Amino acid sequence: MYRSHTCGQLRAEHIGGEVTLCGWVDTVRDHGGAVFVDLRDRYGKTQVVFGPPQGSELINQAKRLKSEDVVQAVGKVTARPEGTVNSSLATGQIELRASQFQLLNAGNNPPFTPGQDDLPSEDLRLKYRFLDLRRSEMQRTLMLRSQIIKGMRDYFEEHQFIDVETPILGRSTPEGARDYLVPSRVHAGKFYALPQSPQLYKQILMVAGYDRYVQVARCFRDEDLRADRQPEFTQLDMEMSFVDAEDVIGMIDGLVKRLAKSILGLDVALPLPRMTYDEAMERFGHDAPDLRFGMELIDCTDLAAESEFRIFRGTVESGGKVRGMNAAGAAPKYSRKDIDTLTEFVKHDFGAKGLAWFRVEPDGKLWSPIAKQFPDELLAKFAQRMHAAPGDLLLFVADSWPVTCKALYGLRKRLGAELKLYDPKTMHFSWVVEFPMFERDPEEDRWVAMHHPFTAPRKQDLASLMSDPGNCRAQAYDLVINGSEAGGGTIRIHDRQSQQDVFQLLGIDENSAKERFGFLLDALQFGAPPHGGIALGIDRFVMLFAGLDSIRDCIAFPKTQRATDLMTEAPGEVESKQLKELNIQIVRTQT
RNA sequence: GGGGCGGUAGCUCAAUUGGUUAGAGUACUGGACUGUCGAUCCAGUGGUUGCGGGUUCGAGUCCCGUCCGCCUCGCCA
């Protein structure tokens with residue numbers, strides 16, 4: 001045994017004991033006749049003292065210790081002299097009087113040290129991830145992640161779920177995100193695909209009678225990255241038989257309540273609030289609204305129709321919408337120039353044609369460069385509709401329905417943060433339900449599944465599935481935390497005919513349906529129970545529970561925005577022999 | 001694929017709107033010091049300003065290209 005205790009363990013009760021500690025040198029304070037070394041491991045820090053009455057040879061060696069050296073120190077636990085107790089350290093009551101120590105390995109002056117006050121740039125942190133992971137903040141996050149996953153596993157085990165592993169090497173499916181492909185050596189020219197989710201396998205498990213399945217599943221999607229998106233990520237994937245949406249939502253409600261309590265000490269009232277997709281789009285312009293603050297979107301299309309203002313009127317006449325929001329009290333905080341910046345933001349980022357705005361004057365009247373083009377009484381109606389009070393800033397976007405949604409969602413998110421409309425520490429959990437079954441892909445002019453092609457419509461929409469797919473709503477539910485989609489699931493189609501209908505709607509003809517999903521259609525034919533489930537994004541869960549802004553800080557070895565690993569330098573080239581075995585030839589395209 | 005921000009000493013940053021020999025803190029090296037805990041004090045080393053080209057009497061600063069990191073739109077069933 002290298003050590004008898006950890007560096008976070010020793011307390012006053014250990015005084016007098018002979019112990020051995022191992023750890024990294026955090027700081028060295030050399031006083032000539034005495035040397036103080038803070039020894040660190042993931043449990044904490046302990047001060048090790050080298051000095052009289054011990055021999056000077058020990059001190060001379062201790063003087064040579066440097067940051068990040070790995071050291072084993074043997075000695076007696078002693079009480080710190082009066083006045084030298086360090087109350088900011090858990091072990092601050094005691095110190096280790098070293099009688100001997102051994103340098104297990106040198107730190108060699110690394111590019112940065114875990115204790116330094118200014119965080120190094122992220123590329124450096126990723127390149128030397130082993131140093132970055134020594135930082136206490138990273139260690140706390142990874143421990144939190146471990147606790148969250150354990151909490152999830154315990155919960156589902158208590159509810160009779162069975163953990164079943166599903167394949168990583170599967171087959172590519174036509175719909176959805178871009179697949180990561182793995183070439184087959186045995187079958188020249190053929191490829192496996194890494195799973196975007198274990199969706200079909202878990203449905204098959206339901207058909208097989210494993211009526212409560214759970215898995216911590218790694219998933220892969222070859223799409224562009226974001227602060228909250230990685231090409232490989234981890235889902236808590238679950239599926240249940242003989243359930244409706246209420247049952248699945250109720251099961252996750254219980255999990256959320258328990259995790260909030262055990263991890264954050266929060267009491268969450270159940271059931272979690274819910275709203276439909278249509279309501280979320282109407283009130284917030286987005287399917288994962290941040291409910292930590294108000295500032296909801298307000299539709300003024302009818303009022304805009306009365307105005308002579310060309311942009312408003314024209315938008316209404318061409319079937320668009322005029323919607324706005326009231327940034328209460330924001331007028332003094334936003335200069336003309338600031339508003340120009342917001343205008344550029346909605347134009348550039350969301351394709352809006354512009355941003356109309358009014359300032360509410362002390363007398364309650366609306367002022368704006370465009371106010372002249374509105375009769376006073378119409379302005380009064382706008383003011384009333386927008387619940388305007390002096391000092392408020394009213395912002396309007398006149399555009400197509402989707403553009404007003406996107407632009408005002410972006411604006412609301414931005415202003416919510418800028419105006420500090422919420423405490424970043426608060427947590428808000430809710431559900432968005434009844435998503436559309438399909439949306440129109442304008443490029444290919446066809447229907448695509450909003451969630452996935454195995455989603456069941458609401459019972460009342462079953463009859464109009466083929467005749468009016470655009471208005472069908474799904475038995476779908478997304479868990480939203482602080483404006484982030486933290487998970488999503490559906491009740492699945494469990495009869496073959498409905499599944500074939502949906503495939504047909506999506507333009508998957510009978511032959512290719514049989515070729516790609518024949519096993520599913522078979523399974524649905526031979527005794528499939530009603531079933532449904534959900535997948536929670538574990539990385540995002542950790543990010544939100546830890547109050548972090550980047551998913552990369554919740555993953556031990558994350559990828560950069562260009563999907564590379566700066567430490568291993570993956571992806572890398574392979575030897576031509578490997579390519580030959582796989583029957584693969586690299587085509588170098590010149591630009 | 002589009003837009004934006006950034007890259008200067010090992011690290012974190014500064015450098016007067018193009019002007020002398022590119023600075024500071026920290027780390028590092030040497031020295032002093034028996035109670036510090038971000039120890040302190042003294043001295044010192046350390047630079048291809050990401051890379052390539054251009055404009056200019058003169059470029060860290062301006063222009064073009066390129067690489068890398070981050071944010072974002074598109075994309076992400």
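Given the structure is predicted, the values throughout are model-derived calculations rather than measurements. Proteins get letters first, then strands, A, B, ... in listed order; numbering begins at 1 in each.
A:His14 pairs with exactly one of A:His5, A:Gln93, A:Lys76 by the side chain to side chain contact (heavy atoms under 4.5 Å, CB included) rule, that one being A:His5.
Mapped onto RNA chain B by nearest heavy atom, A:Ser550 and A:Gln196 fall at different nucleotides, with A:Ser550 at the one closer to the 5' end. Between A:Arg178 and A:Asp38, it is A:Asp38 whose nearest contact on RNA chain B lies nearer the 5' terminus.
To the nearest whole angstrom, the two P atoms, one in B:G19 and one in B:U66, are 28 Å apart. Across B:C71 and B:G18, the matching P atoms stand 32 Å from one another, rounded to whole Å. Nucleotides B:C64 and B:C5 have their P atoms positioned 13 Å apart, rounded to a whole Å. If you take atom C1' in B:U45 and the same atom in B:G54, they sit 36 Å apart, rounded to whole Å. Rounded to whole Å, the P atom of B:G6 lies 12 Å from the corresponding atom of B:C63. Straight-line distance between the P atoms of B:G44 and B:G7: roughly 30 Å, to the nearest whole Å. Going from the C1' atom of B:G50 to that of B:C41 covers 38 Å, rounded to whole Å. As rounded to the nearest Å, B:U29 and B:G10 have C1' atoms that lie 13 Å from one another.
The phosphate of B:G69 (OP1 or OP2) has a side-chain N or O of A:Thr560 nearer than 4.0 angstrom. Between A:Thr27 and B:A39, a side-chain N or O to OP1/OP2 separation shorter than 4.0 Å is present. Residue A:Ser121 places no side-chain N or O under 4.0 Å from the OP1 or OP2 atom of B:C13. Taking only side-chain nitrogens and oxygens, A:Lys347 never comes nearer than 4.0 Å to OP1 or OP2 of B:C73.
The base-pairing partner of B:C70, taking Watson-Crick or G-U wobble contacts with both distances under 3.5 Å, is B:G4. Across all strands shown, B:A59 has no partner, as no Watson-Crick or G-U wobble contact with both distances under 3.5 Å is found. As the counterpart of B:G10, B:U26 is assigned, both hydrogen-bonding distances of the Watson-Crick or G-U wobble pattern falling under 3.5 Å. Nucleotide B:U21 is matched to nothing when pairs are restricted to Watson-Crick or G-U wobble geometry with both distances under 3.5 angstrom.
Of the charged side-chain nitrogens involved, none lies within less than 4.0 Å of a carboxylate oxygen, so that A:Lys337 and A:Asp340 do not count as a salt-bridged pair. Salt bridge annotation for A:Asp461-A:Arg473: absent, with no cationic side-chain nitrogen under 4.0 angstrom from a carboxylate oxygen. Ion pairing between a basic and an acidic side chain is recognised when a charged N comes within 4.0 Å of a carboxylate O; A:Asp553 and A:Arg135 show no such pairing. By the 4.0 Å N-to-carboxylate-O rule, A:Arg40 lies close enough to A:Glu68 to be salt-bridged with it. Taking 4.0 Å as the cut-off between side-chain N and carboxylate O, A:Arg221 and A:Asp179 do not count as a salt-bridged pair.
Looking at A:Asp118, its side chain has no donor and acceptor atom pair within 3.5 Å of the base of B:C11. You won't find any donor-acceptor pair under 3.5 Å spanning the side chain of A:Asp123 and the base of B:G7, going by distance alone. In this model, a side-chain donor or acceptor of A:Arg226 finds a partner on the base of B:G74 within 3.5 Å. Side-chain atoms of A:Arg221 stay outside donor-acceptor range of the base of B:C76, with no qualifying N/O pair under 3.5 Å. Within 3.5 Å, no donor on the side chain of A:Arg552 pairs with an acceptor on the base of B:C70, nor the reverse. Put simply, the side chain of A:Gln116 and the base of B:U12 share no donor and acceptor less than 3.5 Å apart.
Looking at heavy-atom distances under 4.0 Å, A:Asn86 makes contact with a base. Backbone-only contact: A:Leu124 has heavy atoms under 4.0 Å from sugar-phosphate atoms and none from a base. A:Glu82 comes within 4.0 angstrom of no nucleic acid atom, judged by non-hydrogen atoms across all strands. Counting non-hydrogen atoms under 4.0 angstrom, A:Glu122 reaches the backbone sugars and phosphates but no base. Using a 4.0 Å heavy-atom distance criterion, A:Thr564 is classed as a sugar-phosphate-only contact. If you check every strand for non-hydrogen atoms under 4.0 Å, A:Leu119 touches sugar and phosphate atoms only. Using a 4.0 Å heavy-atom distance criterion, A:Lys63 is classed as a base contact. Nucleic acid contact for A:Lys406: sugar-phosphate only, since backbone atoms but no base atoms lie under 4.0 Å from a heavy atom of the residue. Within 4.0 Å (heavy atoms only), A:Phe36 reaches at least one base atom of the nucleic acid. Across all strands, A:Pro81 comes closer than 4.0 Å to base atoms (heavy-atom distances). Across all strands, A:Asp30 comes closer than 4.0 Å to base atoms (heavy-atom distances). Within the 4.0 angstrom heavy-atom criterion, base atoms lie near A:Thr84.
Side-chain contact, A:Gln235 with A:Ser197: no donor N or O sits under 3.5 Å from an acceptor N or O. Side-chain contact annotation: A:Asp278 with A:Thr276, donor-acceptor N/O pair under 3.5 Å absent.
Picking from B:C37, B:C33, B:C76 the nucleotide with the shortest atom distance to the side chain of A:His31 gives B:C33. Residue A:Asp117 places its side chain closer to B:G38 than to any other of B:U34, B:G38, B:G69. Of the candidates B:G38, B:A39, B:C11, B:A39 carries the atom nearest the A:Arg29 side chain, counting heavy atoms from C-beta on. Side chain of A:Asp224, nearest nucleotide from B:U34, B:G69, B:C75: B:C75. Closest contact between the side chain of A:Ala227 and the listed nucleotides B:G10, B:A39, B:U72 involves B:U72. When the nucleotides B:C33, B:C75, B:C73 are ranked by their closest atom to the side chain of A:Phe350, B:C73 comes out on top. Side chain of A:Gln47, nearest nucleotide from B:C37, B:C33, B:C76: B:C37. Residue A:Arg80 places its side chain closer to B:U36 than to any other of B:U34, B:U36, B:C71.
Per the geometry, NZ belonging to A:Lys413 stands 12 Å off C1' belonging to B:C73, to the nearest Å. As a whole-Å value, the separation of A:Arg125 CZ from B:G6 P is 21 Å. The separation between A:Gln561 atom CD and B:G6 atom P is 16 Å, rounded to whole Å. We find that CZ of A:Arg229 is positioned 11 Å from P of B:C71, with the value rounded to whole Å.
Remark: side-chain polar atoms of A:Arg412 are paired, donor with acceptor, to backbone N or O of A:Asp290 under 3.5 angstrom.
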Practice task
Show the numbers, then the answer: is there a side-chain hydrogen bond (donor to acceptor under 3.5 Å, both in side chains) between A:Asp501 and A:Ser498?
Solution key: CA-CA 5 Å; A:Asp501 288 348; A:Ser498 299; 5.2 Å; no
